[in-house]
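Down below is the structure, laid out as structure tokens.
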Amino acid sequence: MMLSRLTAAALAALLLIAPAAATDAELAELARASGTPDIPGLKIVWLAPWGDVRNARPWRNVIVHQTEGPAGSARGGAQAQAKNPTRRGVTVWVETDGTVYWAVAENLVPTHGDGANRNDNKYIDNRPTYRQVVRDNSIGVEFAGNYPDVTTGPTEAQVAAWKILVKVLRARYDIPADRVYAHNWIDYKDARYCEGCTLATMAREWGE
């Protein structure tokens with residue numbers, strides 16, 4: 001009787017695990033697609049469709065940014081970025097409601113970051129980042145909405161979207177979890193708050 005109970009419990013556990021594994025496998029396959037794929041759990045507005053991933057820049061890092069814009073500003077920022085891809089900004093924008101805007105083709109480099117000028121080890125060990133985690137090898141993601149209080153954290157919808165989006169980015173470009181960086185970790189930024197730190201920390205914890 002005890003054995004059959006244990007067997008039943010093991011089977012139940014497998015049934016719970018199987019759908020999650022299948023979802024991750026499906027997500028990994030979608031992450032290597034071209035065009036404008038529908039990714040479960042994400043609402044993506046494709047201003048720049050994906051091409052063949054082999055023609056994308058060799059992105060080695062993800063840099064998480066937060067903009068001092070009000071709710072609704074991600075759309076405008078992404079549209080301006082799409083018109084002028086190399087302006088100061090990023091490839092991917094995330095609205096407070098969780099909508100993701102893919103604004104720039106994967107082979108173009110927006111102007112973001114300040115050259116990885118932080119070397120004080122305040123947040124992380126900066127030896128592997130100093131002058132190394134830069135715009136040319138890092139895809140940027142901008143989260144809108146921390147206005148007028150810059151210390152306002154991401155919304156629940158942004159966190160939910162990020163949990164899927166960061167998996168997609170990591171799978172598409174083969175980026176390990178420890179190469180997801182907050183902007184404040186690698187550059188000297190606004191001292192009033194730690195830009196991107198909560199979101200980057202989440203991404204690393206999810207990837208463990």
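None of these values were measured; they are calculated from a predicted model. We number each residue from 1, following the sequence as shown.
A donor-acceptor pair shorter than 3.5 Å cannot be found between the side chains of Glu142 and His65. Checking Asn137 against Asn61 by side-chain atom types alone, a donor-acceptor pair falls below 3.5 Å.
Between Trp50 and Trp102, the distance from one ring center to the other falls under 6.0 angstrom. Aromatic ring centres of Phe143 and Trp162: separated by under 6.0 Å.
Looking at Asp136 and Arg57, their side chains come closer than 4.5 Å, going by heavy atoms from C-beta outward. You'll find the side chain of Gln158 stays beyond 4.5 Å of the side chain of Asp97, heavy atoms only. Inter-residue side-chain proximity for Leu27 and Val168 is flagged as met; some heavy-atom pair is nearer than 4.5 Å. Proximity of Asp190 to Glu68: side-chain heavy atoms (C-beta onward) are separated by under 4.5 Å at one or more points.
Remark: side-chain polar atoms of Arg172 are paired, donor with acceptor, to backbone N or O of Ala31 under 3.5 angstrom. In this structure, the side chain of Asn117 engages the main chain of Tyr188 through a donor-acceptor pair within 3.5 Å. Without hydrogens or angle criteria, Thr91 side chain to Ile139 main chain gives no donor-acceptor distance under 3.5 Å.
Taking hydrophobic clusters as Ile, Leu, Val, Met, Phe, Trp and Tyr residues chained together by side-chain heavy-atom distances below 4.5 Å, Val62 shares a cluster with Val92.
Ion pairing of Lys122 with Asp120 is absent here, as no side-chain N (NZ or NE/NH1/NH2) approaches a carboxylate O to less than 4.0 Å. Ionic pairing of Asp187 and Lys189 is not present here: no N-O contact between side-chain nitrogen and carboxylate oxygen is shorter than 4.0 angstrom. Ion pairing between a basic and an acidic side chain is recognised when a charged N comes within 4.0 Å of a carboxylate O; Glu95 and Lys43 show no such pairing.
Crowding of Lys163 atom NZ: a count of heavy atoms from other residues, nucleotides or ligands under 6.0 Å not exceeding 12. Annotation for Asp174: atom CG does not count as buried by contact number, only 12 or fewer foreign heavy atoms lying within 6.0 Å.
Put simply, CH2 on Trp185 and CD1 on Ile124 are 6.5 Å apart, with the number rounded to the nearest 0.5 Å. In this structure, CG in Asn126 is found 10.0 Å from CD in Gln132, a value given to the nearest 0.5 Å. Between the CG atom in Asn184 and the OH atom in Tyr123 there is a gap of 4.5 Å [rounded to 0.5 Å].
Every residue two or more places apart in sequence or in another chain that forms a side chain to side chain donor-acceptor pair (under 3.5 Å) with Arg127 is listed here: Asp125.
Applying the side chain to side chain donor-acceptor pair (under 3.5 Å) rule to pairs touching residues 70-88 yields Arg88-Asp114, sequence neighbours excluded.
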Identify all side-chain donor-acceptor contacts of residues 147-154 below 3.5 Å with residues at least two apart in sequence or on another chain.
| residue | atom | partner | partner atom | Å |
| --- | --- | --- | --- | --- |
| Asp149 | OD1 | Thr151 | N | 3.0 |
| Asp149 | OD1 | Thr151 | OG1 | 2.6 |
| Asp149 | OD2 | Thr151 | OG1 | 3.1 |
| Thr152 | OG1 | Asp149 | O | 2.9 |

